[in-house]
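Report on the structure given below.
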Amino acid sequence: MILMNDFTAEPPELRESMLNAARCVLESGNYILGEKVLAFEREWTSVCGVPHGVGVGSGTDAIEISLRALDIGPGDEVVTSAMTAFATVLGILRAGASPVLADIDPETALLSPASVERCLSKKTKAVVLVHLYGQVRNMDAWIALCERHRVGLIEDCAQAHAASWKGRAAGSFGLAGAFSFYPTKNLGAAGDAGMVVTRDSTLARRAGRLRDYGQTVRFQHDEPGLNSRLDEIQAAMLLERLKWLTVFTKRRRHIGDTYRQRLKNEKVQLLAEPEQPEAHVNHLFVVTSRQRDALQRHLEEQGVQALVHYPFPIHHQKASRNLARDPRGLQNSEHHASQCLSLPCHPQMNDDAVVKVIEAVNGFR
Ligand SMILES: *Cc1c(COP(=O)(O)O)cnc(C)c1O
């Protein structure tokens with residue numbers, strides 16, 4: 001079976017270095033907010049090209065903490081996509097703000113600027129822009145839109161590690177970038193982890209206190225924060241895995257490019273090409289089909305695992321079905337959720353596996 005992810009197939013050197021790194025942390029006896037977290041914050045912010053990074057417990061927390069650090073909360077509206085991981089919206093809800101759902105562009109599945117403009121109100125404080133599937137697009141326009149309407153731009157970078165657009169990295173465009181290092185992400189820990197990256201030292205200081213019970217110095221609590229600290233073992237895992245990110249990203253791009261060239265089936269549609277090669281890190285390779293469920297079953301029979309990201313738009317979830325939204329509706333999100341299918345596209349896939357996926361898709365009738 002060709003799997004969506006296969007950690008056990010990773011290079012033995014990487015597995016070995018992770019074991020050694022875990023051993024070092026255990027031997028140091030230092031588990032929380034020590035030198036590994038500092039080192040990883042330094043290395044990851046250098047990849048992102050921003051001065052500050054605050055390691056936190058998850059990508060969801062990174063979104064909540066980014067918003068709270070900007071004083072966005074109860075009474076404030078935050079516009080985001082109806083076609084994203086539930087975690088994006090959960091982070092906004094946890095901050096106490098009201099999410100407003102905008103629709104996507106069908107060619108990319110990314111947030112539609114026109115729909116976002118219809119969602120803006122006097123209460124709008126920020127747009128959470130999701131670089132879905134690893135695609136960074138149209139950033140000049142997003143920056144201009146947010147400046148024109150005086151709302152903050154926050155990037156949900158959970159799927160876009162080291163993607164760059166005109167030489168700038170994901171996470172460096174907005175007031176803050178929220179990263180997840182959940183295991184299946186392009187850079188993943190061996191557990192939960194996340195980071196807030198920012199150019200703004202005030203925001204970084206506030207995020208640093210929010211992740212640590214709201215304390216400024218030990219036992220002095222200036223606000224009720226969270227307990228959401230990136231821990232030493234996960235930071236040590238991430239430092240080892242970061243050494244492979246360039247190689248792994250290159251492999252994902254190669255697989256994505258091969259799919260784009262060679263998938264040919266009139267029943268299966270591809271999303272738009274990346275604007276620039278570097279602006280897509282192929283976290284997920286998503287196709288659409290009117291016969292999506294039959295295609296998924298066919299692939300399964302051919303030994304190819306394919307998954308749906310995501311089967312329901314946010315407004316079809318019980319937990320979020322009453323959220324405010326684009327007055328014209330969210331048809332593109334609904335349509336995409338009913339037709340999208342993610343093909344395996346991970347760095348451990350060899351060329352034979354890539355060919356097998358292509359043949360299985362092209363053979364669907
Ligand atoms: C994974 C993901 C998150 C949440 O990350 P966690 O670390 O699981 O909390 C947020 N947004 C998007 C788009 C994601 O893919």
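Order of appearance sets the numbers: ligands from 1, and atoms from 1 within every ligand. Worth knowing before you read on, the calculation uses all heavy atoms, side chains too, and leaves out hydrogens, waters and symmetry mates.
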What orientation do H298 and F364 show, parallel under 30°, tilted 30 to 60°, or perpendicular over 60°? tilted
Nearest heavy atom to atom 2 (C) of ligand 1: which of M83, Q159, K185 does it belong to? K185
For the CZ atom on R218, are there more than 12 heavy atoms of other groups (residues, nucleotides or ligands in this structure) within a distance under 6.0 Å? no
Side chain, backbone, both or neither: Y310 near ligand 1, heavy atoms under 4.0 Å: side chain
Side chains of T184 and N5: do they bring a donor and an acceptor to under 3.5 Å? no
Per-atom contacts, ligand 1 versus A158 - under 4.0 Å to a heavy atom: 2 (C), 3 (C), 10 (C), 11 (N), 12 (C), 14 (C), 15 (O)
Of S180, G188, G194, A62, the one whose closest heavy atom lies nearest atom 7 (O) of ligand 1 is S180
Can you tell which part of V130 has a heavy atom less than 4.0 Å from ligand 1: side chain, backbone, both or neither? side chain
Taking atom types as modelled, is there a side-chain donor on S333 or D103 under 3.5 Å from an acceptor on the other? yes
Aromatic ring centroids of Y133 and H280 under 6.0 Å? no
May I ask you to check whether W142 and F173 place their ring centers less than 6.0 Å from one another? no
Side chain or backbone of S58 under 4.0 Å from ligand 1, or both, or neither, by non-hydrogen atoms? both
Could you identify the single nearest non-hydrogen protein atom to atom 13 (C) of ligand 1 and state the distance to 0.1 Å? D156 OD2, 3.4 Å
Short version for T84: what comes under 4.0 Å of ligand 1, heavy atoms counted, is side chain
Polar contacts were defined as any N/O atom of the residue lying under 3.5 Å from an N/O atom of the ligand; does this apply to A87 and ligand 1? no
Part of T60 with heavy atoms under 4.0 Å of ligand 1, whether side chain, backbone, both or neither: both
Y213 six-ring face occupied by R229 cation (under 6.0 Å, within 45°): yes
